Amino acid sequence: MQYDPDNIFAKILRKEIPSECVYEDDTTYAFMDIMPRADGHLLVIPKDPARNTLDATPKQLADVMASVQRLSHAVMKAFGADGVTLQQFNEAAGGQEVFHLHFHVLPRHTGQPLRAPGQMGDMTAIAEHAERIRAALA
Ligand code: AMP
């Protein structure tokens with residue numbers, strides 16, 4: 001399976017479409033999911049092309065995981081969360097819909113289920129949640 005440079009996250013990295021960025025460094029980028037399954041649901045991606053875990057380099061995976069851990073601490077603090085769920089899907093059969101490697105970071109509260117997938121979020125609320133995460137990182 002080949003990397004498609006026209007996937008939506010590649011377009012986000014090239015700033016061809018907007019995103020609500022919460023963190024970036026030399027090799028990784030983190031932004032809010034527009035269909036949040038929990039308040040604070042965000043995605044962490046490598047800046048260099050990788051379709052998913054199967055073709056990513058060990059360094060890409062290491063860099064992304066370092067940012068995932070940093071963002072996990074940030075959402076714990078920003079949302080007073082009790083835990084964090086990480087999700088990552090590989091190929092369509094594995095549940096992947098966007099073919100640029102990404103990890104979902106989902107703050108969780110005891111007894112609160114995730115919302116159903118595929119529901120567009122309120123962009124004003126998402127922007128406010130992003131601000132809370134940026135403040136927690138500062
Ligand atoms: P999956 O590949 O199954 O992990 O799903 C892709 C995820 O990307 C879903 O949670 C979508 O809500 C999210 N998503 C799709 N397009 C965008 C976008 N333009 N900005 C932010 N998140 C997106």
Side-chain angles (χ1 to χ4, degrees):
M1 294 288 192
Q2 279 213 317
Y3 182 80
D4 171 11
D6 283 328
N7 76 76
I8 197 144
F9 294 169
K11 290 180 179 174
I12 283 177
L13 285 168
R14 291 195 298 266
K15 313 285 183 212
E16 291 168 10
I17 62 168
S19 65
E20 187 68 63
C21 178
V22 289
Y23 174 79
E24 73 177 307
D25 56 28
D26 287 348
T27 56
T28 69
Y29 187 80
F31 58 105
M32 303 305 286
D33 196 303
I34 52 169
M35 297 185 216
R37 301 195 58 195
D39 288 356
H41 180 178
L42 63 87
L43 303 169
V44 183
I45 65 176
K47 286 187 171 174
D48 285 341
R51 193 173 155 88
N52 53 44
T53 297
L54 299 169
D55 66 332
T57 64
K59 179 171 181 338
Q60 281 179 312
L61 293 172
D63 288 353
V64 166
M65 285 312 296
S67 292
V68 164
Q69 185 184 42
R70 183 188 289 250
L71 271 304
S72 296
H73 285 298
V75 297
M76 286 289 287
K77 184 174 166 192
F79 296 92
D82 302 309
V84 177
T85 296
L86 304 180
Q87 288 183 327
Q88 193 275 317
F89 305 108
N90 300 281
E91 299 301 332
Q96 187 174 12
E97 291 179 355
V98 177
F99 296 94
H100 181 110
L101 173 64
H102 56 280
F103 279 79
H104 297 255
V105 176
L106 295 137
R108 303 299 302 274
H109 292 89
T110 304
Q112 227 177 71
L114 292 177
R115 295 194 283 267
Q119 302 178 90
M120 192 58 77
D122 175 317
M123 289 313 290
T124 306
I126 288 173
E128 194 269 317
H129 296 154
E131 191 48 48
R132 274 205 246 175
I133 295 166
R134 288 189 286 264
L137 284 166

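Since we're looking at a predicted model, the values are computed, not measured.
- When all heavy atoms of A74 and A136 are compared, the pair lying nearest together is O-CB, 3.5 Å.
- Taking CG of L43 as the reference point, atom CG of L106 lies at 8.5 Å (rounded to 0.5 Å).
- Once rounded to the nearest 0.5 Å, the distance linking CG of D25 with CZ of R70 reads 7.0 Å.
- In this structure, the ring of H129 has its center less than 6.0 angstrom from the ring center of F79.
- H102 has its ring centre no less than 6.0 Å from the ring centre of H100.
- Between V75 and H41 there is no side-chain heavy-atom pair separated by less than 4.5 Å.
- Taken together through direct or relayed side-chain contacts under 4.5 Å among Ile, Leu, Val, Met, Phe, Trp and Tyr, L13 and V98 form part of one hydrophobic cluster.
- Y3 contributes atom OH, which lies 10.0 Å from atom CG of L101 (distance to the nearest 0.5 angstrom).
- Taking the six-membered ring for Trp and the full ring otherwise, Y29 and F9 have centroids separated by 6.0 Å or more.
- When the side chains of ILVMFWY residues are joined at heavy-atom separations under 4.5 Å, either directly or via intervening members, M76 and M32 end up in a single hydrophobic cluster.
- No donor-acceptor pair under 3.5 Å is formed between the side chain of D63 and the backbone N or O of T27.
- To the nearest 0.5 Å, atom CD of residue Q112 and atom CG of residue L114 are 9.5 Å apart.
- By the 4.5 Å heavy-atom criterion applied to side chains, R37 and P117 are counted as neighbours.
- For the pair D6/R14, a side-chain contact is recorded, criterion being any heavy-atom separation below 4.5 Å from C-beta on.
- No side-chain donor from either of Q60 and D48 sits under 3.5 Å from a side-chain acceptor of the other.
- A donor-acceptor pair under 3.5 Å links the side-chain atoms of R134 to the main chain of C21, judged by distance alone.
- Put simply, the side chain of H104 reaches to within 4.5 Å of the side chain of F89, judged on heavy atoms.
- Between the side chains of Q2 and D4, no donor-acceptor pair is found at a separation under 3.5 Å.
- F31 and F103 fall into different hydrophobic clusters, defined by Ile, Leu, Val, Met, Phe, Trp and Tyr side-chain heavy atoms under 4.5 Å apart, directly or through other members.
- With a 4.5 Å cut-off on side-chain heavy atoms, R108 and D82 do not count as touching.
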Next on the checklist: Between R115 and D39, is the side-chain contact (heavy atoms from CB on, under 4.5 Å) condition met? List the steps.
Outcome noted: CA-CA 10 Å; R115 295 194 283 267; D39 288 356; 3.2 Å; yes

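- At a threshold of 4.5 Å between side-chain heavy atoms, the hydrophobic network of Ile, Leu, Val, Met, Phe, Trp and Tyr places I34 and L42 in one connected group.
- The shortest heavy-atom contact between P5 and A10 is O-CB, 3.3 Å.
- Note that CD1 of I126 and CD of E128 are 11.5 Å apart. Values are rounded to the nearest 0.5 Å.
- For M35, the CE atom sits in a packed shell: over 12 heavy atoms of surrounding residues, nucleotides or ligands are nearer than 6.0 Å.
- When all heavy atoms of Q96 and N52 are compared, the closest pair comes out as OE1-ND2, 3.0 Å.
- Put simply, I133 and L86 are part of the same group of oily side chains (I, L, V, M, F, W, Y) that touch within less than 4.5 Å, one to the next.
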Next on the checklist: Please evaluate residues V64 and I45 with respect to the criterion side-chain contact (heavy atoms from CB on, under 4.5 Å), reporting the C-alpha separation (whole Å), side-chain torsions for both, the decisive distance (0.1 Å), and the verdict.
Outcome noted: CA-CA 6 Å; V64 166; I45 65 176; over 6 Å; no

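- A 6.0 Å sphere centred on CD of E91 holds more than 12 heavy atoms belonging to other residues, nucleotides or ligands.
- Smallest separation of non-hydrogen atoms from P46 and A50: CG-CB, 4.4 Å.
- Rounded to the nearest 0.5 angstrom, E20 CD and D33 CG are separated by 12.5 Å.
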